[in-house]
Amino acid sequence: MASLLLILATLLISSIFTIIFIFISNKKNKANKAPLPPGPSGWPIVGNLLQLGSKPHETLHSLSKIYGPLYRLKLGSVTFVIANSAEVASQFLRTHDANFSNRPPNTFGDHMAYNHKGPAFVPYGPRWRMIRRLSNTHLFSTKALDDLRHVREEEVAILARKFVQAKDTSISVGVEVGKELNACAANSLTRALFRRRVFEEDNGPNVGEFRKVLDEVLKLATGLSVEDFIPWVKALDLRGFGSKLKKLHRWYDDTLTKIIEEHKTRPKIASEAEAEGKDFLSVLLGLKEADIKDEETNNKLTDTDIKALLTDLFTGGTDTTSSTVEWALVELIRHPDILTAAQKELDSIVGRSRLVSELDLNNVPVLQAIIKETFRLHPPVPLLIPHTASEACEVAGYHIPKAATLLVNTWTICRDPDVWSRPLEFDPSRFLPGAKHADVDVKGSHFELIPFGAGRRICLGMRLGLRMTTFLLASLVHGFDWALPDGLTPETLNLDVEFGLTLERSVPLVARPIPRLDREAYVA
Ligand code: HEM
């Protein structure tokens, strides 16, 4: 009996101690746990969704003035954290990069990316690594880019000839520059992907369709769709968002299936070594036949993987490039002295008897500075693509909950008055040799300017994007003077934007190209 009492007493005392211990450590944990980032209060169910408006990048910019470099929003049932300074962005995408290398679930990726199989949405892991390795080796390596230089040069020469003809036919009206740049970027890319010019008359049955479908896809790819935040809106497809995406996806899928079937009749490529100089799709089909597997899970490459990859490359690689160049030209028309400086720089290298080549562009500081300043003032993807927190963590003294969605607000970072003097002025000279930002590049290590993102999920096509924007802009600047149609002046040019995956101009630039090279320079 005495021993039973002793056991009971021991149990009781140890239980009391355990409870006290748990209570104290909980309290301590609570005291240690960092607070959530500050943020505006929201409504039940929708949270802050209604506050976003039609230009979310501008709304988020205004909120950063109130809540600072890291704040929180609730959109429907999802917690968002918004990074608004270079320092905070570097903590997310450098210090905690592995934790933020996944994408949040999203309806766009469900439908358009074959249930998250393309590089932009595939979960971070072996598949993602395989897709990036294949793309980096066979499409974006220096060698692969050099091999396809002739394609980009041919396409830009076609564009230049179009502009010369336009000069004779549209003296007072001008040409829609962005549309032509877009066709040029798309055709250059799809010739590299599967040897077809998809935006042109020689494309057989799909003439014009690619452009129409791409336009619609990009309008829906905002990364901020209500379906992703309120599950019943998605389940009932209240806005018809899901069905629109399904329809567009069916079109892409049918078209890509036809292109793949046609490619399968071509001579096979049996190994990576045989891939040199071949279009990307031929390489991928060859590797699929050779049973290439990802190294960790041994999963094979399938036709669906290939279609998802081509879809993401096409969607991500066209408008980003053309809208950057269109914005650069708008700024040069508004700043004729800078246009003249860039023309002088190119004349001194190229002369006036031929078109510029990519090979001329190794040392063009004025042009490079113009491109950096365009990326700064008009970042094409203002909020990057959303990332998600795989685990809870602490950033800048705040608690970031597991599964929070991260938006990196490059729009605000690029306008930060603590970093950039006169941030709203277009002034490429800030990047010229000797100037304060001379050493800043756009490749993901200077967080004050990250138009391609940074860290593991940095833009896959960055090297092509940089080559193509530089080359296209050089060709417009060197090949032509630029005037506005009658009645328009540089001061009255509309600078409004429309929010989407890329920030497009609300009113496309219409301008008159005036050839400035010897006549023969434009001849095929
Ligand atoms: C001026 C040109 C371009 C800009 C400014 C740009 C910008 C971006 C940005 C901001 C991201 C998101 C990074 C992040 O989530 O942190 C991205 C991702 C991506 N971009 Fe680009 N891009 C450009 C050109 C291209 C081109 C030419 C291609 C392909 C042909 C491409 C394909 C992709 C892909 C596949 C991703 C997803 C990468 C991943 O999630 O791992 N981009 N791009």
Side-chain angles (χ1 to χ4, degrees), residues 57 83 89-90 92-94 97 100-104 106 108-109 112-113 116-125 127-136 138-140 144-145 148 152 181-182 184-194 218 221 223 280 308-328 371-372 374-376 378-388 405-411 413-414 442-444 447 449-473 501-503:
H57 62 293
S90 87
F92 279 109
L93 297 183
R94 185 150 55 198
D97 183 31
F100 286 93
S101 288
N102 267 309
R103 304 289 186 201
N106 65 88
F108 185 84
M112 286 309 295
H116 305 259
K117 287 205 166 52
F121 299 108
V122 68
Y124 175 63
R127 297 302 280 173
W128 174 82
R129 267 191 285 282
M130 176 166 86
I131 294 172
R132 280 192 80 109
R133 183 180 70 76
L134 291 177
S135 310
N136 279 328
H138 300 293
L139 191 61
F140 300 129
L145 288 173
L148 289 173
R152 295 185 294 279
L181 291 171
N182 198 248
C184 179
N187 284 332
S188 307
L189 180 57
T190 54
R191 278 180 71 185
L193 293 179
F194 40 74
L218 290 175
F280 192 46
L309 172 53
L310 295 179
T311 305
D312 277 10
L313 292 174
F314 182 64
T315 313
T318 307
D319 280 47
T320 41
T321 304
S322 58
S323 84
T324 305
V325 179
E326 186 184 7
W327 272 115
I371 287 178
K372 286 182 190 173
T374 306
F375 278 135
R376 185 191 71 77
H378 306 285
V381 192
L383 305 174
L384 306 186
I385 302 177
H387 294 234
T388 189
T405 294
L406 164 69
L407 298 180
V408 177
N409 188 353
T410 55
W411 175 268
I413 293 171
C414 287
V442 295
K443 296 179 187 166
F447 281 81
L449 188 59
I450 48 167
F452 295 94
R456 288 166 171 79
R457 263 354 254 234
I458 194 169
C459 173
L460 177 56
M462 177 172 69
R463 275 179 277 184
L464 174 61
L466 273 175
R467 274 211 199 196
M468 196 62 188
T469 40
T470 310
F471 178 48
L472 260 176
L473 185 63
L501 178 70
T502 49
L503 271 192

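Worth saying up front: this structure is predicted, and the values here are computed from it rather than measured. Order of listing sets the numbers, starting from 1, for every ligand and every atom in it.
The side chain to side chain contact (heavy atoms under 4.5 Å, CB included) with N182 is formed by just one residue from the set T318, T321, N187, V325; it is T318. The side chain to side chain contact (heavy atoms under 4.5 Å, CB included) test with H387 singles out one residue from D97, L93, N102, T405, and that residue is L93.
Nearest approach of R456 to Y124, heavy atoms of both residues: NE-OH, 2.6 Å. The two residues A113 and F121 come nearest to each other via the heavy atoms CB-CD1, 3.7 Å. Across all non-hydrogen atoms, the minimal contact from L460 to P119 is CD2-CB, 3.9 Å. Residue I458 comes nearest to G444 through the heavy atom pair CD1-CA, 4.0 Å, listed as atom of the first residue, atom of the second, then distance. F140 and L145 make their closest contact through O-CD1, 3.5 Å (heavy atoms, listed as atom of the first residue, atom of the second, distance). Among all heavy-atom pairs drawn from C414 and L449, the shortest one is SG-CD1, 3.9 Å.
Of the N or O atoms in P380, none lie within a sub-3.5 Å distance of an N or O in ligand 1. Below 3.5 Å of separation, one finds no N or O of T324 facing any N or O of ligand 1. Between D312 and ligand 1, no pair of N/O atoms sits closer than 3.5 Å. Checked by distance only, ligand 1 and W128 come closer than 3.5 Å through their nitrogen or oxygen atoms. Between R103 and ligand 1, a contact under 3.5 Å exists for at least one N or O pair.
Contacts between F140 and ligand 1, counted as non-hydrogen atom pairs separated by less than 4.0 Å, involve the side chain only. Using a 4.0 Å cut-off between heavy atoms, R132 contacts ligand 1 through its side chain alone, with no backbone atom that close.
Of all the atoms in ligand 1, the ones that sit under 4.0 Å from a non-hydrogen atom of L313 are 29 (C), 30 (C). Atom numbering of ligand 1 starts at 1 in the shown order; those under 4.0 Å from a heavy atom of A120 are 37 (C), 40 (O). Atoms of ligand 1 found under 4.0 Å from any heavy atom of H387 (numbered from 1 in listed order, with element): 14 (C), 15 (O), 16 (O).
Residue nearest to atom 12 (C) of ligand 1, selected from I385, L464, L189: I385 (by heavy-atom distance).
By the 4.5 Å heavy-atom criterion applied to side chains, S135 and L309 are counted as neighbours. The shortest distance between side-chain heavy atoms of L464 and R152 falls below 4.5 Å. Put simply, the side chain of F100 does not reach to within 4.5 Å of the side chain of R457, judged on heavy atoms. No side-chain heavy atom of L472 sits under 4.5 Å from any side-chain heavy atom of T324.
Within the 4.0 Å heavy-atom cutoff, R456 does not count among the residues contacting ligand 1.
Scanning the protein for heavy atoms near atom 13 (C) of ligand 1, the closest one is R457 O, 3.4 Å. The closest protein non-hydrogen atom to atom 7 (C) of ligand 1 is P451 O, 3.4 Å.
The aromatic rings of H57 and W411 lie perpendicular to each other, with more than 60° between the two planes, well past the 30° mark.
Protein atoms that are N, O or S and lie under 2.8 Å from atom 21 (Fe) of ligand 1 are these: C459 SG.
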